[in-house]
Enquirer: 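One structure coming up, written as structure tokens, with questions to follow.
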2 protein chains.
Amino acid sequence: MSHQFDQTDMGILQLLQEDARLTHKELAHRLHKSVTPIHIRVRRLQEEGYIKRYAAILNQDKIGKSLTAFTQVQVKEHSQEGLLAFKEEIIKITEVMECYHMTGSFDFLLRIVIRDMKEYNDVLIDKLAKVKDIGHVESFFVISEIKHETAFSLHTKT
Amino acid sequence: MSHQFDQTDMGILQLLQEDARLTHKELAHRLHKSVTPIHIRVRRLQEEGYIKRYAAILNQDKIGKSLTAFTQVQVKEHSQEGLLAFKEEIIKITEVMECYHMTGSFDFLLRIVIRDMKEYNDVLIDKLAKVKDIGHVESFFVISEIKHETAFSLHTKT
DNA sequence: GGTGAAAGGTCCAGAGA
DNA sequence: TCTCTGGACCTTTCACC
């Protein structure tokens, strides 16, 4: 492995997180390098998995997804099979944008994005309630989004 | 306003959410159109704000951010100025990836991404605790990430 | 709305230092 | 590891349908 992660790599990642469509020429200019080394580094960062993928980030309201819910879920069965089965079911629910296994008084935290409360009800009744071993479910709703960042801050990373 | 959002627009958004670097030629091929109309539509979708931006999505572990916390915050002052001041302070904390104003027994939910528990402690003590009118704070930690999607599902959207 | 072609820019490999 | 160069491909515009 020859990846010594330097300042230039960090600069590339920082800039591409903010705008994935910067050309190599532009990156080279901003990082005071020429195009070829930038090209090589970007490819290496992709191949080594630093960059997972490039995504268009949409405006949630514009596409009619105005409601965001955070849903805390407890499961009845905490065996390995129980948890695995739960995960597989949850992944299939397209409205679930994020799902985490958590410490604390509940087991899973879900971020669910839908059009309105009617659609949330449908997800709860038709999809979530049908998952095996579901226990207590508690819902919290987003009043307003104050910050939603996809870019990690890398400034103090070595 | 001349934007009647059709199947082709939806296809473009769906595909670009998954891979922002698809060429117009490739999009055209997959959506059974030619290059120019795709080009015009992509530009319109950007200009009208459907597409907010293009982002490189990084591997959180690879860049040394192995810990994710969800932090519930109550504020003491619920006046308009109090809430506004809180928002302004929170936005500045670079470790806070997401912040939502919520319904329910707490006021704000934060997703905080850091290297380890030491760094979480630093954020709490040096940054969050210094925000004016902060009240009760409760922390929950991610054991494992089961799903983390940036792409909304558009299949039933009209 | 769509087609097709022309001009300019970008990507990416190869040779050489 | 970087610089330079050339060909292939992509983006973007324009005249026309």
Side-chain angles (χ1 to χ4, degrees), chain A residues 1-59 62-64 150-152 154-158, chain B residues 1-59 62-64 150-152 154-158:
Chain A
M1 297 295 238
S2 57
H3 59 282
Q4 34 183 348
F5 199 78
D6 66 12
Q7 286 299 113
T8 306
D9 289 318
M10 225 170 76
I12 290 170
L13 292 181
Q14 193 80 62
L15 289 167
L16 287 181
Q17 283 190 106
E18 301 296 341
D19 184 358
R21 291 196 318 172
L22 290 171
T23 64
H24 293 174
K25 190 180 171 185
E26 181 63 25
L27 286 173
H29 176 67
R30 297 205 198 173
L31 298 169
H32 309 103
K33 292 265 172 183
S34 69
V35 175
T36 311
I38 294 293
H39 177 248
I40 291 167
R41 281 154 184 275
V42 169
R43 193 172 47 189
R44 209 195 59 224
L45 290 167
Q46 288 167 178
E47 283 168 357
E48 292 183 356
Y50 287 91
I51 297 170
K52 283 202 291 193
R53 53 184 238 282
Y54 298 90
I57 308 297
L58 305 192
N59 184 323
K62 278 254 174 191
I63 56 169
T150 59
F152 302 106
L154 301 175
H155 55 86
T156 46
K157 172 75 176 51
T158 313
Chain B
M1 296 296 241
S2 59
H3 59 281
Q4 34 181 344
F5 198 79
D6 67 10
Q7 286 300 115
T8 305
D9 290 318
M10 226 169 74
I12 290 171
L13 291 180
Q14 193 82 63
L15 289 166
L16 287 181
Q17 282 190 103
E18 300 296 340
D19 183 358
R21 291 197 319 170
L22 291 172
T23 64
H24 293 173
K25 190 180 171 185
E26 181 64 25
L27 286 172
H29 176 67
R30 296 206 200 173
L31 297 168
H32 310 102
K33 293 265 172 183
S34 67
V35 174
T36 309
I38 295 293
H39 179 249
I40 291 168
R41 282 154 182 273
V42 169
R43 193 173 47 188
R44 209 194 60 225
L45 290 167
Q46 288 166 177
E47 282 169 356
E48 292 184 355
Y50 288 92
I51 297 171
K52 284 201 291 192
R53 53 182 238 279
Y54 298 90
I57 307 296
L58 305 192
N59 183 323
K62 278 254 175 190
I63 56 168
T150 59
F152 302 105
L154 300 175
H155 55 84
T156 45
K157 173 73 178 53
T158 312

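It should be emphasised that the depicted structure is a prediction, and the values quoted were computed from it without experimental measurement. Throughout, protein chains are lettered first and strands after them, A, B, ... in sequence-line order, and every chain is numbered starting at 1.
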Enquirer: Just by distance, do the side chain of A/Q14 and the backbone of A/L154 share a donor-acceptor pair under 3.5 Å?
Expert: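 Confirmed, A/Q14 side chain pairs with A/L154 backbone.
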Enquirer: Please report, rounded to the nearest Å, how far the C1' atom of C/dC12 is from the CD atom of A/E47.
Expert: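 Rounded to the whole Å, the gap is 13 Å.
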Enquirer: Rounded to whole angstrom units, what separation is found between the CD1 atom of B/I38 and the C1' atom of C/dG4?
Expert: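 About 16 Å, once rounded to whole Å.
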Enquirer: With a 4.0 Å cut-off on heavy atoms, is B/H24 in touch with a base, just the backbone sugar-phosphate, or nothing at all?
Expert: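 Sugar-phosphate, no base atom in range.
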Enquirer: Could you state the interatomic distance from CG (B/L16) to CG (B/L22), rounded to the nearest 0.5 Å?
Expert: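 Output value for this atom pair is 6.0 Å.
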Enquirer: I need the CD1-P distance between A/I40 and D/dC2, as an integer number of Å.
Expert: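 The distance from CD1 of A/I40 to P of D/dC2 comes to 7 Å, rounded to the nearest Å.
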Enquirer: At under 4.0 Å, does any side-chain N or O of A/K25 touch on OP1 or OP2 of C/dC11?
Expert: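 Result: no.
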Enquirer: If you assign A/R21 and A/P37 each to the DNA chain D nucleotide with the nearest heavy atom, which residue ends up on the more 5' nucleotide?
Expert: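 Its nearest nucleotide being more 5', the pick is A/P37.
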Enquirer: Using whole Å, what does the distance between atom P of nucleotide D/dC2 and atom NE2 of A/H32 come to?
Expert: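 Atom NE2 in A/H32 sits about 16 Å away from atom P in D/dC2.
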Enquirer: Can you measure A/L22 atom CG to C/dT10 atom C1' for me and round it to whole angstrom units?
Expert: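 In whole Å, C/dT10 C1' and A/L22 CG are 13 Å from each other.
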Enquirer: What is the nucleic acid contact for B/V35, judged by heavy atoms within less than 4.0 Å: base, sugar-phosphate only, or nothing?
Expert: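 Since a base atom lies under 4.0 Å of B/V35, the category is base.
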Enquirer: Is B/H39 close enough to D/dT11 that one of its side-chain N or O atoms is under 4.0 Å from OP1 or OP2 there?
Expert: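 No, no such contact exists.
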Enquirer: Rounded to whole angstroms, how far apart are CD on B/E26 and P on D/dC9?
Expert: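 Going from B/E26 (CD) to D/dC9 (P), I get 14 Å.
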Enquirer: Establish, with yes or no, whether the OP1 or OP2 oxygen of C/dG2 is under 4.0 angstrom from a side-chain nitrogen or oxygen of B/R41.
Expert: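 True: B/R41 side-chain N/O within range (under 4.0 Å) of C/dG2 OP1/OP2.
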Enquirer: Is any N or O donor-acceptor pair between the side chain of B/T36 and the base of C/dG4 shorter than 3.5 Å?
Expert: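 Checked by distance alone, the answer is yes.
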Enquirer: Is a side-chain donor or acceptor of A/Q17 paired with a backbone partner of A/F152 at a separation under 3.5 angstrom?
Expert: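 Yes; judged by distance alone, with no hydrogens or angles, the pair exists.
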Enquirer: Consider salt bridge (Lys or Arg N to Asp or Glu O under 4.0 Å). Of B/R41, B/K33, B/R43, which one does B/D9 pass it with?
Expert: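 Between B/D9 and the candidates, salt bridge (Lys or Arg N to Asp or Glu O under 4.0 Å) is satisfied uniquely by B/R41.
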Enquirer: Round to a whole Å and report the spacing from CZ of B/R44 to C1' of D/dT12.
Expert: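 Going from CZ in B/R44 over to C1' in D/dT12 covers 17 Å.
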Enquirer: Nearest 0.5 Å, what's the CZ-CG distance between A/R53 and B/D19?
Expert: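 Reported value, rounded in 0.5 Å steps: 9.0 Å.
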Enquirer: Considering just the side-chain nitrogens and oxygens of A/R43, establish if one lies under 4.0 Å of OP1 or OP2 belonging to C/dA13.
Expert: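 Looking at the OP1 and OP2 atoms of C/dA13, one of them is under 4.0 Å from a side-chain N or O of A/R43.
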